[in-house]
J.: 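Right, I'll just put the structure down here and ask away after.
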2 protein chains.
Amino acid sequence: MATRTRRSQRRTEALSRERIVKAAVELLDASGESGLTFRVLTERLETGPGAIYWHVANKDELLAAATDAVVAGAVATGATGITGAGEPSQEPEDGIRDVALRLFDATEAHPWLAAQLATQLSRNPGGTVAPRILEGIGRHVRALGVPQDGWFTTASALMHYILGAAGQNVANTESARALGPEADRGDFLGTVSAAWKRLDPDDYPFTRAVAEQARTHDDREQFLAGVDLLLTGINAGHPRTA
Amino acid sequence: MATRTRRSQRRTEALSRERIVKAAVELLDASGESGLTFRVLTERLETGPGAIYWHVANKDELLAAATDAVVAGAVATGATGITGAGEPSQEPEDGIRDVALRLFDATEAHPWLAAQLATQLSRNPGGTVAPRILEGIGRHVRALGVPQDGWFTTASALMHYILGAAGQNVANTESARALGPEADRGDFLGTVSAAWKRLDPDDYPFTRAVAEQARTHDDREQFLAGVDLLLTGINAGHPRTA
DNA sequence: ACCTGAACACCGTTCAAGT
DNA sequence: ACCTGAACACCGTTCAAGT
């Protein structure tokens, strides 16, 4: 059974918090939150559970680290509207749409992210995730000409909308996936739409009236429409004269 | 040990899905998601796990039912703006603020709700939770004079914002509680604010600039300010002439 | 300082058996 | 139809022991 020189050439790199978090993200991407287990993490990293606990306090911290890593990557890509030279390069509105879409796309690429963001922000709002997002949005809020005493409220409103909407998008994508390999999101939205049309007309007139729109809507477009609603409201409060 | 007539008068009511869900909500309220266990549920209801599984498919379904029950209660109270007589009774803007606040308050009364809403909507968007919220908001969106082809987008934007913001509010309340029994949310916000002020000035200029506002802000006010931002944006799109 | 791996307490879920 | 409760597979976490 050659317990010896097997795989001697490709020496396993030393365990590190970084490697553990990376493996965690991969497991989460591959099979969701329930797929992240110390057992499979242990196999994947070819160690024992004790080794992992040396680098990471517990599973909650591991999930937080995974969330933070992904958010950091999402917000960082594209340098948040400030390009190398330092010129503004885009209108503040576009900057906000940009950050929003990056977070939106991140939740699409990592379906576990949305629920995890809610949990992380909720259990540990003093953590690193909120500042990352706030900062990504905030620079543009300032550029928008919002008076300083409205900065926090404005940036928070945008952040809350983004997180809420991104979560809902994952919902649709994931549920479509759950319908089967050959089903697409159209099939799934059709199912939801049909269910809504079957609701009690007395109790759910609006939802029924809107069922058709739910079936044909584009998530990305709808997401941006919501951002624009907020932008309009924000700009109405302090008309830019420049 | 008198196995007999003990508690014969207060005969245990028959088990039912309703009783199970009620007990689940109580456990969740008392000790969070980790406090809801088939073991303690079993003790509380004086049965075996098999009995519970007769009424409920699994833990996920139980969590979904608990979430739905709480949302139903929150949205129903106050009859969603339509009083007995049938008169409008309030401006549509106030109706929206009303529904929003009810959901906001519900997440405050049931700290597990926000994260659970994200999970439920995400795993099962065809469920009952989304229609309930949509309907509560939708009636007022219609009354606002939004053209029909904008109904879904508008109501969805409001729902997403509400869910995102409510989640963040829980965050602050819970974290304050975690600081200790005598700590209030002011103590907690102070801690977060201080942490933000310690961030790298180059990486986090906005978050640092906003740290003081974070310390003194009122969650409820900020929540409503966001709703109003959206309302302004919505009304700007289709000026009411009435 | 970092890692091993057996052991522990606890979890959701099943199922043959009862009434 | 509804309930019992022992049993199963699996989970996060600990810790004495190694290097």
Side-chain angles (χ1 to χ4, degrees), chain A residues 1 3-4 6-8 10-28 30-67 112 115-116 119-120 123-124, chain B residues 1 3-4 6-8 10-28 30-67 112 115-116 119-120 123-124:
Chain A
M1 260 104 172
T3 346
R4 231 174 219 286
R6 281 275 80 163
R7 204 193 328 97
S8 62
R10 212 175 211 306
R11 190 73 184 84
T12 304
E13 315 137 75
L15 202 54
S16 68
R17 193 184 153 93
E18 208 177 28
R19 271 191 70 216
I20 295 171
V21 171
K22 184 165 171 256
V25 170
E26 288 167 2
L27 285 174
L28 287 166
S31 39
E33 188 173 344
S34 68
L36 177 58
T37 294
F38 275 83
R39 301 279 194 269
V40 325
L41 204 52
T42 276
E43 288 170 27
R44 182 94 156 218
L45 295 169
E46 291 172 354
T47 30
I52 297 177
Y53 275 92
W54 177 259
H55 296 276
V56 155
N58 51 40
K59 194 179 179 178
D60 275 353
E61 191 188 297
L62 183 54
L63 279 166
T67 303
W112 49 274
Q116 211 49 46
T119 308
Q120 292 314 322
R123 286 205 199 135
N124 182 20
Chain B
M1 262 102 171
T3 346
R4 233 174 219 284
R6 281 276 79 163
R7 207 196 324 99
S8 61
R10 215 176 208 305
R11 190 74 183 82
T12 303
E13 315 137 75
L15 201 55
S16 67
R17 192 184 154 92
E18 208 177 26
R19 274 191 67 217
I20 295 171
V21 171
K22 185 166 170 255
V25 170
E26 288 167 3
L27 286 174
L28 287 165
S31 38
E33 188 173 343
S34 68
L36 176 58
T37 292
F38 275 83
R39 300 279 195 268
V40 325
L41 203 53
T42 277
E43 286 170 27
R44 180 95 157 219
L45 296 169
E46 291 172 354
T47 30
I52 297 177
Y53 274 93
W54 177 260
H55 295 277
V56 156
N58 52 40
K59 194 178 180 180
D60 274 354
E61 191 189 295
L62 182 55
L63 278 167
T67 303
W112 48 275
Q116 211 50 45
T119 309
Q120 293 312 324
R123 285 203 201 137
N124 182 21

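Owing to the predicted nature of the structure, the values given are computational and were not obtained by experimental measurement. Below, read A as the first sequence line, B as the second, and so on, with proteins coming before strands; counting in each chain starts at 1.
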J.: Between B:Thr119 and A:Thr119, is the side-chain contact (heavy atoms from CB on, under 4.5 Å) condition met? List the steps.
T.: CA-CA 10 Å; B:Thr119 309; A:Thr119 308; 5.9 Å; no
J.: Could you state the atom-to-atom distance from CD1 of A:Ile52 to C1' of D:dG12 in whole Å?
T.: 11 Å
J.: Choose from D:dT4, C:dG12, D:dA6 the nucleotide whose nearest atom is closest to any side-chain atom of B:Thr47.
T.: D:dT4
J.: Using purine N1 to pyrimidine N3 plus N6-O4 or O6-N4 for Watson-Crick, or N1-O2 and O6-N3 for G-U wobble, each under 3.5 Å, what pairs with D:dC3?
T.: none
J.: Using a 3.5 Å distance criterion without hydrogens, assess whether the side chain of B:Lys59 forms a donor-acceptor pair with backbone atoms of B:Phe38.
T.: no
J.: Output the single nucleotide from D:dC3, C:dT13, D:dT13 whose closest atom is nearest the side chain of A:Arg39.
T.: D:dT13
J.: When you measure from the side chain of A:Pro49, which nucleotide among C:dG12, C:dA6, D:dC3 comes out closest?
T.: C:dA6
J.: With respect to the side chain of A:Lys59, which nucleotide from C:dG12, C:dA6, D:dG12 is positioned closest?
T.: D:dG12
J.: Going through the distances and angles, do B:Lys22 and B:Glu26 end up as a salt bridge (Lys or Arg N to Asp or Glu O under 4.0 Å)?
T.: CA-CA 6 Å; B:Lys22 185 166 170 255; B:Glu26 288 167 3; 3.7 Å; yes
J.: I'd like to know if the side chain of A:Ser16 and the backbone of A:Arg19 have a donor-acceptor N/O pair within less than 3.5 Å.
T.: yes
J.: Answer with base, sugar-phosphate or nothing: what part of the nucleic acid does B:Leu62 contact at a heavy-atom distance below 4.0 Å?
T.: nothing
J.: Both distances below 3.5 Å, Watson-Crick or wobble geometry, any strand: find the nucleotide opposite D:dA17.
T.: none
J.: Find the distance B:Arg17:CZ to D:dC2:P and express it as a whole number of Å.
T.: 14 Å
J.: Rounded off to whole Å, could you give me the CD-to-P distance for the B:Glu33 and C:dC10 pair?
T.: 19 Å
J.: Take B:Arg39 and B:Glu43 through the test salt bridge (Lys or Arg N to Asp or Glu O under 4.0 Å) and record every step on the way to the result.
T.: CA-CA 6 Å; B:Arg39 300 279 195 268; B:Glu43 286 170 27; over 6 Å; no
J.: Within the pair B:His55 and D:dA1, is there a side-chain N or O less than 4.0 Å away from OP1 or OP2?
T.: no
J.: Watson-Crick or G-U wobble partner for C:dA9, using a 3.5 Å limit on both distances?
T.: none
J.: To the nearest angstrom, how far is B:Leu15 atom CG from C:dT19 atom C1'?
T.: 16 Å
J.: Specify the separation, in whole Å, of atom CZ of B:Arg19 and atom C1' of D:dC3.
T.: 13 Å
J.: Below 4.0 angstrom from OP1 or OP2 of C:dC2, is there any side-chain N or O of A:Trp54?
T.: yes
J.: Using a 4.0 Å heavy-atom cut-off, does A:Leu41 contact any base of the nucleic acid, only the sugar-phosphate backbone, or nothing at all?
T.: nothing
J.: Within this structure, what is the CG-to-C1' distance between B:Asn58 and C:dT14, rounded to whole angstrom?
T.: 13 Å
J.: Checking contacts here: which listed nucleotide (D:dC3, C:dT13, C:dC11) is nearest the side-chain heavy atoms of B:Tyr53?
T.: C:dT13
J.: Could you check how far CZ of A:Phe38 sits from C1' of C:dA9, rounded to whole Å?
T.: 16 Å
